[in-house]
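Only one structure is covered here, and it is reproduced in the block below.
Letters go in sequence order (proteins before strands), and every chain restarts at 1. Quick caveat, the model's predicted, so the values are computed rather than measured.
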Amino acid sequence: MNVGAPLPRSFFERDARVVARALVGAHLIRRIRGRGRKSEQGEVVARIVETEAYRGPRDAACHARFGLTPRTRALFGPPGHAYVFLIYGMYDCFNVTCLEEGKGHAVLVRAVEPIAGFGKRVRTDGPGRLTRALAITRAEFDGIDLCSVGSLSIAAPRERSKVETSARVGVAYAGAIAEAPWRFFDARSAHVSRPSRRMIGLGETR
DNA sequence: TTATCGATGGTA
DNA sequence: ACCATCGATAAA
């Protein structure tokens, strides 16, 4: 498939809110060695349809609130890199670091739409499901650079998406900041996560 | 369709 | 003792 070049570092050198909105519609490209035909070797492509912005130490929902720890090393690292963490003991969550080294900004990718290279039908709505579908693990991907052609990169959107916003999911513990409209999703996609589908008005069809 | 609950393990 | 989740199950 004709995938674009990786988004440049400058794309990610902005506030997480800006990057989160801009990433809706972008293509996530996962290359797996030794899988698929030689011409498009193991290239799995998915369209990002839902994201959330996490905005550093002063954001009570952001992991950066604990400061620099072994886990948040990548989160506080340079922009345009992956921050992958384990949640609930069994799911990996994929984030892209933003803004500037030391700021602790990142965008959580919460749902993607399968485009190419998926063998069987798999669900990719939900942060834990998409990492499983794309084989993105913390052991392999935490801290890697996303701005070069490699096992994981992101290409610019092809068309403009209709982006809607809402409060972030599962962060009620954070207090008032939990109400901030820092979730961004494609209002026309059937592959957004469950809470987003409800807002769009699509029924619970799966 | 919504609600509830258990799995599971790193992290603070 | 939490927790940026998911899948199974029950109830309606």
Side-chain angles (χ1 to χ4, degrees), chain A residues 12 15-21 23-24 28 46 48-77 79 81-99 103-114 118 120-143 146 164-186 190-206:
Chain A
F12 302 100
D15 186 288
R17 286 172 299 183
V18 176
V19 177
R21 178 181 284 273
L23 279 178
V24 174
L28 189 57
I48 295 171
V49 296
E50 182 175 326
T51 61
E52 281 176 0
Y54 287 86
R55 307 186 57 233
R58 299 199 319 269
D59 175 359
C62 183
H63 291 169
R65 69 187 182 278
F66 301 116
L68 179 56
T69 68
R71 177 174 70 157
T72 58
R73 187 180 173 79
L75 177 58
F76 281 104
H81 289 247
Y83 165 50
V84 186
F85 65 88
L86 180 69
I87 188 68
Y88 296 113
M90 46 184 119
Y91 301 105
D92 289 301
C93 290
F94 168 65
N95 302 251
V96 186
T97 58
C98 298
L99 193 57
K103 298 294 190 195
H105 276 225
V107 171
L108 170 67
V109 179
R110 286 190 52 87
V112 300
E113 175 181 334
F118 289 82
K120 23 183 198 285
R121 248 187 139 71
V122 285
R123 291 185 62 172
T124 55
D125 55 317
R129 295 198 188 104
L130 80 89
T131 53
R132 191 177 56 193
L134 292 170
I136 297 172
T137 60
R138 137 184 93 116
E140 231 188 307
F141 287 90
D142 186 41
L146 301 169
E164 221 136 278
T165 67
S166 80
R168 294 171 294 180
V169 174
V171 297
Y173 61 84
I177 202 78
E179 307 303 318
W182 294 346
R183 179 162 58 136
F184 303 84
F185 58 95
D186 181 341
H191 294 266
V192 292
S193 69
R194 200 159 112 112
S196 301
R197 281 204 300 277
R198 302 193 61 184
M199 304 199 61
I200 294 171
L202 295 176
E204 298 293 322
T205 53
R206 52 186 110 160

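Atom P of nucleotide C:dA4 and atom CZ of A:Arg71 are separated by 8 Å, given to the nearest angstrom. The CD-P distance, from A:Glu50 to C:dA4, rounds to 16 Å in whole Å. Rounding to whole angstrom units, CZ of residue A:Arg65 and P of B:dT11 are separated by 14 Å. Atom-to-atom, CD of A:Glu52 to P of C:dA4 comes out at 10 Å; the value is rounded to the nearest Å. Across the protein-nucleic acid pair, A:Arg123 atom CZ and C:dG7 atom C1' stand 9 Å apart, rounded to whole Å. Between the C1' atom of B:dT11 and the CG atom of A:Asp142 lies a distance of 14 Å, rounded to the nearest Å. Rounded to whole Å, atom C1' of C:dA4 lies 15 Å from atom CE of A:Met90. Taking atom CD of residue A:Glu179 and atom C1' of nucleotide C:dA4, one finds them 15 Å apart after rounding to whole Å.
Considering only side-chain atoms of A:Arg129, the nucleotide from C:dC3, C:dG7, B:dG10 that sits closest is C:dG7. Closest contact between the side chain of A:Tyr88 and the listed nucleotides B:dG10, C:dC3, B:dA12 involves C:dC3. Of the candidate nucleotides C:dA4, B:dA12, C:dC6, C:dC6 has the atom lying nearest to any side-chain atom of A:Tyr91. Distance from the side chain of A:Arg194 is smallest to B:dT2 among B:dT11, B:dT2, B:dT8. The side chain of A:Arg138 lies closest to B:dT11, out of B:dT11, B:dA12, C:dA4.
Under the 6.0 Å cut-off for aromatic ring centres, A:His63 and A:Phe85 qualify, their centroids lying closer than that.
For A:Asp59 (side chain) and A:Arg55 (main-chain N/O), a donor-acceptor pair under 3.5 Å exists by modelled atom type.
Across all strands shown, A:Leu108 has heavy atoms under 4.0 Å from base atoms, whether or not it also approaches the sugar-phosphate.
OP1 or OP2 of B:dA12 sits under 4.0 Å from a side-chain N or O of A:Thr69. Between C:dA4 and A:Tyr173, a contact under 4.0 Å exists linking OP1 or OP2 to a side-chain N or O. For the OP1/OP2 pair of C:dG7 and a distance below 4.0 Å, the side-chain nitrogens and oxygens of A:Arg132 include at least one atom meeting the criterion.
In this structure C:dA4 sits in no base pair that meets the Watson-Crick or G-U test at under 3.5 Å. B:dT8 makes up no base pair with any nucleotide shown, lacking Watson-Crick or G-U wobble contacts both under 3.5 Å.
Salt bridge annotation for A:Glu52-A:Arg110: present, with a cationic side-chain nitrogen under 4.0 angstrom from a carboxylate oxygen.
In this structure, a donor-acceptor pair under 3.5 Å is absent between the side chains of A:Thr124 and A:Arg129. Side chains of A:Ser196 and A:Arg183: a donor-acceptor N/O pair is present below 3.5 angstrom, by distance only.
Here A:Phe85 does not lie in a stacked arrangement on the base of C:dA4, lacking the combination of planes under 30° and ring centres under 5.5 Å apart.
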